[in-house]
> 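Below: one structure in structure tokens.
The structure presented is a predicted model; accordingly, all values stated were derived computationally and were not measured. Residue numbering restarts at 1 for every chain, and letters A, B, ... go by the order of the sequence lines.
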There are 2 protein chains.
Amino acid sequence: MFHDSAQLDLMFQALADPARRMMVERLSRGSASVSELAEPLDMSLSAVMQHLQLLETSGLVRSEKVGRVRTCRIEPKGLSMAESWISERRSTWERRLDRLGDFLAAQSKTNPKE
Amino acid sequence: MFHDSAQLDLMFQALADPARRMMVERLSRGSASVSELAEPLDMSLSAVMQHLQLLETSGLVRSEKVGRVRTCRIEPKGLSMAESWISERRSTWERRLDRLGDFLAAQSKTNPKE
DNA sequence: TCAATTGTAAAGTGGATGCTTAACTATTGC
DNA sequence: GCAATAGTTAAGCATCCACTTTACAATTGA
């Protein structure tokens with residue numbers, strides 16, 4: 001119910017980049033190494049690392065290194081935080097529009113010519 | 001189903017700022033003028049205008065001017081686009097985790113000691 | 001009519017973002 | 001051991017972003 005504003009900043013910021021969304025998309029289909037994440041992206045490994053770091057500090061992704069391979073996966077709680085902020089706003093204005101609709105319906109019943 | 005990447009960039013970018021989220025939050029409770037949007041925000045009207053412009057080009061908000069007052073409202077289709085991108089990703093990994101759970105359950109039935 | 005209100009436009013500024021390249025470390029397979 | 005693989009760190013750079021200030025325009029109410 002209570003949203004940490006700073007964390008929402010980071011999450012939406014993280015999702016605002018096509019490369020990072022691609023990475024999230026890839027990870028939603030299963031865990032992957034850094035180079036696997038980099039493979040479809042037209043940029044250096046170093047750049048991918050920087051995107052990954054942002055995804056981690058935003059809480060959308062976590063990773064751990066075993067041997068020389070770092071394996072990344074989705075952090076389930078992450079996306080739901082962003083999603084729920086949006087859906088709470090949406091339900092607020094949907095309820096409001098409903099009440100407005102009711103009001104207008106009632107109006108036209110009482111004063112059909114107005 | 002098909003997401004315009006550039007528009008998603010703009011939407012998530014728009015939501016990545018606390019001032020703009022406040023504006024969306026305010027508008028989800030009903031339409032408002034530019035100065036009403038500005039009132040709780042600790043910045044110049046000019047700055048609020050610039051945030052508003054971003055919200056408009058991202059498709060989250062629309063506005064129209066009557067007399068000297070510009071009235072702003074939520075664009076219903078806007079938020080749902082961002083929301084649905086997230087929820088599609090979520091359902092992908094949720095399905096995957098389900099399958100993984102099934103697999104592990106089957107494993108432990110066949111090889112209870114492994 | 002004229003002053004207050006409401007909004008716009010333009011230019012400037014400091015700091016964040018999204019890369020790059022280069023140099024380096026740790027692990028693995030032969 | 002040693003070359004290839006996988007990742008990490010740091011520095012640098014162009015561009016974008018979130019404001020500000022200043023000046024201006026249109027509308028309204030007394």
> CD of E39(B) versus P of dT6(C): gap in Å, rounded?
12 Å
> Provide, to the nearest angstrom, the distance between the CG atom belonging to L55(A) and the P atom belonging to dT17(C).
13 Å
> Is a donor on one side and an acceptor on the other found under 3.5 Å between the side chain of R20(B) and the backbone of Q13(B)?
yes
> Is M23(A) reachable from M81(A) through a run of hydrophobic residues whose side-chain heavy atoms are each under 4.5 Å from the next?
yes
> Expressed in angstrom and rounded to an integer, what is the separation of M49(B) atom CE from dA10(C) atom C1'?
13 Å
> Does one hydrophobic cluster hold both L55(B) and L41(B), with members joined at side-chain heavy-atom distances below 4.5 Å?
yes
> Side chains of L52(A) and V61(A), heavy atoms from C-beta outward: is any pair under 4.5 Å?
yes
> Answer yes or no for R89(B) and W85(B): cation-pi contact, defined as NZ/CZ to six-membered ring centre under 6.0 Å and angle to ring axis within 45°.
yes
> Heavy atoms of chain B, cut-off under 4.0 Å: which first and last nucleotide of DNA chain D, 5' to 3', fall inside that, if you could look?
dA18(D) to dT28(D)
> Transitively linked via ILVMFWY side-chain contacts under 4.5 Å: L10(B) with L10(A)?
no
> How long is the straight-line distance from CG of L37(A) back to CE of M22(A), given to the nearest 0.5 Å?
11.5 Å
> Specify the separation, in whole Å, of atom CD of E36(B) and atom C1' of dT6(C).
12 Å
> Scan nucleotides 19-27 of chain C nucleotide by nucleotide, 5' to 3', and note B when protein non-hydrogen atoms come under 4.0 Å of the base, S if they reach only the sugar-phosphate, - if neither.
BBB-----B
> Contact between L15(A) and L60(A) at the side-chain level, heavy atoms closer than 4.5 Å - yes or no?
yes
